[in-house]
Amino acid sequence: MSDVIDIDAIGEGQVAVMDQLPSGEIPAESPLHHLDSTVPTFTSKPAGVRLWEEALKGHLVLRGNAEDPTFQRGVEAALGMALPERLRSVQQGPLSLRWIAPDEWLLVCPGDQAAALEIRLRRHLSGHFAVVNVSGGQTLIHLAGPDAAMVLKKSCPYDLHEHNFPIGKVVTTVLAKTQATLCKIAADQWELVVRRSFADYAWRWLVDASAEYGLIGDTPATAAQRRASTGRHPVSSET
Amino acid sequence: MTQINRLSSGGRIDRETPIRFVFNGRHYGGYRGDTLASALLANGVKVVGRSFKYGRPRGIVAAGAEEPNAIFQLGAEESTQVPNVRATQQEIFEGLVSRPTSGWPGLGFDLMGAAGKLFGRMLPPGFYYKTFMFPQSFWEVYEKYIRKAAGLGRSPRVPDADIYDHLNQHTDVLVVGAGPAGLSAALAAARTGARVILADEQAEPGGSLLYSRDLIDGEAPDRWLHNTLTELAGYEHVQVLTRATVNGYHDHNFLTIHERRSDHLSDRAPEGQARQRMHRVRAHWVVLATGAHERPLVFGHNDLPGCMLASAVSTYIRQYGVVPGRRLVLMTTNDYGYRTAFDWQDSGHEVVAVVDTRQNPEGPYQEEARARGLTLMRGCAVIEAKGGQQVTGAVIAPIDADGGRVTGATRVLACDTLASSGGWSPAVHLSCHTGSRPVWRDDIIGFVPGETVQRQLVAGAVDGTYSLAGCLREGLRAGVEAAVKAGYPSVPTAAPKVNELTEGEAMALFCVPHLKRTSRAPKQFVDFQTDVTAAAIELATREGFESIEHVKRYTAMGFGTDQGKLGNINGMAIAARSMNKTIPETGTTVFRPNYTPVTFGAIAGRHCDELFDPKRYTAMHPWHVEHGAKFEDVGQWKRPWYYPKPGETMQQALDRECRATRESIGILDASTLGKIDIQGKDAREFLGRVYTNAWAKLAVGKCRYGLMCGEDGMVFDDGVTSCLGEQHFLMTTTSGGAARVLEWLEFYHQTEWPELEVYFNTVTDHWATMSIAGPNSRKLLAELCDDIDLDRDAFRFMDWRQGTVAGVPARVFRISFTGELSFEINVQANYGLYVWEKLFEHGAKYNLTPYGTETMHILRAEKGFIIAGQDTDGAVHPYDLGMSWAVKEDKPFSFIGKRGMKRADCVREDRKQLVGLKTRNPKVVLPEGAQAVNDPNQPKPMTMLGHVTSSYYSANLGRSIAMGLIRDGFNRMGDTVYYPQTDGSVIEAEICSPIFLDPKGERQNV
Amino acid sequence: MFYIHCPYCCEYREEEEFHAKGQAHIARPADPDQCSDEEWGTYLYFRKNPRGLHHEIWVHAIGCRKFFNVTRDTQTYEIKETYKMGEQPKVTSVSDTLETEEAAQ
């Protein structure tokens, strides 16, 4: 590992940074890979709901003091975007950064960039902060369509009205008997971050709640994404 | 049978759409728009049930939610059975099948009915308490028959064929009730732009407008109703829910609405659609426009079929085109009741008499009655109904001005319908659900909603405003006020003009006097559903029950599925009179959710079957399924329990798994262990405060076991924490304790020590963890890992290393829960299954054996390792476990649990301590939970020493092993204790060290 | 079902997102080892059970994971205020005041 990441250069042995992706062509399996064939597709009526997993993304939890200008500047320098405001998400190219708590954000990136971004962040940040790779621990589910809001109303107690939940807002809330971080990314589209071990339950719940509206599940492209070989991304040398 | 009582015209039914349905095994016809009740009345069906206690025949009384008698069992198939449906609220559909829920064994001949007649005098209140409680052991027998006879309906015996769901809603204004007040409130609020939900329990919005004689803007109210509904339908921000009962009003304006989406369409819901939906509504403001229930008058034999509420009679005539009889006697205490006589007369049938209990009523209603040529008997009351199976006549007598006694001779008028109106009781139920006490108002002779902390407004009859003009006006005012308070600009809405007759003062009369005193008079029913009479209430107060809540429980008044909507106020008034108290002094019983019964389906929603509870899976779960694992629930996790081969018993599988691990190599999916990433310069200090042992010197690359205690000093979790970097640790917790431990750490960080610079994040799901254990584990790992020096001295016990396993970056921990040479391999969960399968590819030659939680338990018990939560129970501290080595008392900070362990009780000599137990017969496995005693022959209750916490058969040792708590156990090594069993046998066991195997720990140090 | 204003998310959220964690403003004794058994027992086990205003800790468990304080009326279930850790309540009862005075003495 040390041939790729010089831990000492980042945290001086203070923290263990690890590129967790294999270098060879080793298949990864998303939390929902086993559900490929169990998504019922109702073709009798125009589908009101589309549901798919955006699998195998990189997920990094970023912790720090939002009030600290040094931390703010460090994040901006590392990611090319400022920290989002409370309950908001910001986007920069393939990266999105969601507010989770006053001292916590979730960075979602292409699957092969998690380690590189962790290192970038660590290079730009100082003082009291933390970066944790949680890419294997959660996944993204997209819920879209004219009846997507109804499906969420069946599942979440949060007020989804556009006055209360505009595009770009992020809310961690109850989803049936588990939880999800909802982000509204378009008028009728939400991205849900769910924990790996609960993903099967969340998916089955959403499929069930969608049934009466007609559901289109995976397309071959999104299904294929769930079992993908992801090689390691070389660490960027820029600082 | 034809619809003999159907009028040739009128009503809101669709006469073009006839419908056939079944009641009690017979086929009947009705029309779309009919309720079961209106259709049965149209068909001349008088008796619809038998009463609870006396088995008396009962007919339809009301036309709404307050109906006490027409309570039916619905469903054509076993899987669609629904009990306790009010016929007055159930629309008919083609093929509907219904039966009375009461009346076992049949409506015609009723065993209990006969018994009730014979023994009626012997069934006083409290009868069941007094009679059937002795002997107590017989209660189960009694209960079965009482229940069967009691008419409570039954649930389906097979799974419900339909689905139900929940819908979370948020709204600015929730208007409850779509009568004139509710409609105006919704309209006024909607015009401001506020989000509005208008919910009504009936099939059609309108409430009293659906049968009202009044005019709005010079026309029948239908026009105004139509216009209002059309306007509301045009607003995107307005939802009008019908067949939707707001059944609960909870704290902070959270209300539940029970919507019946397809109960009116067919026996089963359309494919894929929820039959019923529970709306869970958070409303900024609530407008209660729940209206009022008419009070029946209480008189002798007032339960005979044919005795009805006056307003119900009007409803059947005007809304459904059904006149329930031919000859009407109407008794009323108020002017509003006169309308029923007018409606009856307009339907072309005979009004025998209008009996007005007031001495000298005079006003527009009396004028109209005279103009219509009606017989008006003032200062009189119907003191008794005549008839056997139904009303055949009314006994009428003059009464005094306050309704206290009969003042003259009686006369009998023949009739088949006896309508009564005792005034109105505002439907205050919802306003009471959050604890607000209703307030009595003498001027309207009823309780109205009292003060509340909820953001609640009231409008219309629920607040004692009974005139149509008043309801419309109040509705508009409340609607605007609610919207403005919710932050919307006021939009003025003018009230329409109403033509209605002015009403005179009503009389307060809750029990019509009889010639005989109440206890001797014919039964005067107060609560029809639970057969509570005026005499029973008086008896209860005579027997000393003074609180209305006690009277309620003693008599069962209000205990039916109708919750006493019809009878409660009369009953309270009778109790008050009997105790010489006023009604406000006596008060009312508390109304609680639900307003009307709710199906379990609607309560459960989609949280059933596969979706009842989340099932958490590890990345390797598909492999476990494929390889025949039996699963055990650990929290919400599905963990492999054991992996039986074809033909193997559980014990055989466990023996094989245990032997394979100790002899060669076994593998466990340990991904469910809680894992918490800890970063920050104070991480080490924090660990020292929450664990009982020392962390100051744990070097990078090392792991350490720790016990976590509460402030009381009792163990609540344990696990291994590894030092990943000087400021970076990975903590593991028990599988079930992961969330609790994380919250615990955050609690202390956020509330006690915010100055410590440390962040906690869960990585439980991120890492797939596979633990290989056994003498061959190093060999197997070496085949898949070439970048970690696995030499016993380079990679020592309690070290961790980073490397690659099967080409996947991994953290490998040399820790052991089995006492064997063991490695715990952690890879990102997306690669967990891949690495797991690679291990099996290479492990076949070592007979790599997957083992589950049960074998894990046996292997650790052989080593005397505890499981927090199994060998501990919240009353066990580290010293009780013999784990003083895990407590570092001289740490600079007084760690959590340190002070607790020092309390007098915790340092007692004779505390229960965890020891090993060997049964005298090595084949006998002690049951977990069994209690130890010194002398099995001592008299009961025996002195107990402690219980067995873990117990297994160990194939490796060829005998049973157990751990358990024993009082002063550490000083009793070698002693024998006895475990008496429920079958009378006694298991003898010797106290020993809990380390049964390899006490020097040589096996893991190879 | 409460509707609770999380002072960190600055929004009202449904009760399902929160866990109640008991009475607030109970400081861990600075030096536990110097506490008598009685003092330690009081810290561990003795809690108020007022009829009326109660200051309690809640955590936004399914949300921002932050602990905060709630002033709640135990009779009406009204939540009078929520405030961050380390802050003092603005809404207090007579018994709160008496206790503060006692502590000052």
Side-chain angles (χ1 to χ4, degrees), chain A residues 1 7 11-16 18-24 26-31 34 42 56 61 63-64 103-104 127-138 150 153-161 164 176-178 195-202 204-205 208-209 211-212 230, chain B residues 163 165-170 195 272-274 280 282 605-607 610-611 613-619 621-622 636-637 671-672 677 679-681 700 724-728 730 757-759 761-768 787 802-804 806-809 811 827-834:
Chain A
M1 301 307 300
I7 293 178
E12 288 154 5
Q14 303 297 298
V15 290
M18 175 178 171
D19 188 345
Q20 297 160 5
L21 296 192
S23 48
I26 288 173
E29 281 152 327
S30 81
H34 61 292
F42 297 86
L56 301 177
V61 170
R63 306 291 300 269
D103 59 357
E104 181 175 344
H128 182 36
F129 72 94
V131 183
V132 189
N133 188 339
V134 293
S135 308
Q138 51 197 37
M150 284 301 288
K153 278 173 87 169
K154 289 187 186 185
S155 317
C156 305
Y158 191 74
D159 184 3
L160 300 156
H161 192 271
N164 191 56
K177 283 181 181 160
T178 179
R195 279 179 72 168
R196 176 181 202 101
S197 57
F198 287 100
D200 177 278
Y201 166 79
R204 288 179 200 272
W205 175 277
D208 182 80
E212 70 174 291
T230 44
Chain B
I163 60 171
D165 70 6
H166 295 165
L167 196 69
N168 297 295
Q169 301 243 45
H170 293 258
R195 273 195 280 175
Q273 260 197 41
R280 307 168 78 247
R282 184 68 68 178
R606 297 305 295 137
H607 298 279
E610 274 298 290
L611 299 170
D613 202 38
K615 295 186 177 87
R616 300 178 69 181
Y617 299 123
T618 72
H621 188 78
Q636 290 168 321
W637 288 103
S671 306
T672 61
D677 178 280
Q679 294 180 32
K681 76 172 173 56
V700 177
L724 303 181
E726 273 305 319
Q727 302 184 0
H728 194 182
L730 181 71
E757 294 195 343
V758 59
Y759 286 118
N761 288 285
T762 176
V763 287
T764 301
D765 289 19
H766 174 69
W767 298 103
D787 54 359
Q802 185 172 315
T804 49
V808 177
R811 284 187 184 139
V827 296
Q828 206 209 66
N830 290 328
Y831 300 96
L833 184 54
Y834 173 82

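Throughout, a chain's letter reflects where its sequence line sits, starting with A, and its residues are numbered from 1. Since we're looking at a predicted model, the values are computed, not measured.
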Partners meeting side-chain hydrogen bond (donor to acceptor under 3.5 Å, both in side chains) with Lys153(A) (sequence neighbours left out):
Gln169(B)

Parallel, tilted or perpendicular: which one describes the rings of His607(B) and Trp205(A), with boundaries at 30° and 60°?
tilted

Between Val808(B) and chain A, with a heavy-atom cut-off of 4.5 Å, which part of the residue counts as in contact: side chain, backbone, both or neither?
both

Can you tell me which portion of Ser135(A) sits under 4.5 Å from chain B's heavy atoms? Options are side chain, backbone, both or neither.
both

When the 4.5 angstrom heavy-atom criterion is applied to Lys615(B) and chain A, the contacting part is backbone

For a quick check under 3.5 Å, do Gln20(A) and His766(B) share a side-chain donor-acceptor pair by atom type?
yes

Using side-chain heavy atoms (C-beta onward) and a distance below 4.5 Å, is Arg616(B) in contact with Arg196(A)?
no

Looking at Ser197(A), Cys156(A), Gly137(A), which makes the most heavy-atom pairs under 4.5 Å with chain B?
Ser197(A)

Smallest separation among heavy atoms of Pro22(A) and Tyr831(B), with atom names
CD-CZ, 3.3 Å

What part of Asp200(A) lies closer than 4.5 angstrom to a heavy atom of chain B: side chain, backbone, both or neither?
side chain

Looking at chain A, which one of Gln679(B), His621(B), Gln636(B), Arg811(B) has the largest number of heavy-atom pairs inside 4.5 Å, strictly under?
Gln679(B)

Bottom line for Thr762(B): the part with an atom under 4.5 Å from chain A's heavy atoms is both

Evaluate the side-chain proximity of Val132(A) to His728(B): yes if any heavy-atom separation is below 4.5 Å, no if none is.
no

So do Arg195(B) and His161(A) actually touch side chain to side chain, heavy atoms under 4.5 Å?
yes

Per-residue contact mode, Val134(A) against chain B (heavy atom under 4.5 angstrom)
both

Is Leu21(A) close to Gln828(B) at the side-chain level, that is, under 4.5 Å between some pair of heavy atoms?
yes

Do you know which of Val131(A), Val61(A), Asn164(A) has the most heavy-atom pairs with chain B at a distance under 4.5 angstrom?
Val131(A)

Under 4.5 Å heavy-atom distance to chain B, tell me which part of Glu104(A) shows up: side chain, backbone, both or neither.
side chain

Suppose we call two aromatic rings close when their centres sit under 6.0 Å apart. Are His128(A) and Tyr759(B) close by that rule?
yes

Measure Val827(B) against the heavy atoms of chain A and call it side chain, backbone, both or neither at under 4.5 Å.
neither

Lys154(A) backbone acceptor or donor facing His166(B) side chain under 3.5 Å:
no

Interatomic distance, CD1@Ile163(B) vs CG@Asp208(A), rounded to 0.5 Å, equals 6.5 Å

What part of Asn133(A) gets closer than 4.5 Å to chain B, counting heavy atoms only: side chain, backbone, both or neither?
both

Inspect the contact between Arg63(A) and Asp677(B) and indicate whether a charged nitrogen and a carboxylate oxygen are less than 4.0 angstrom apart.
no

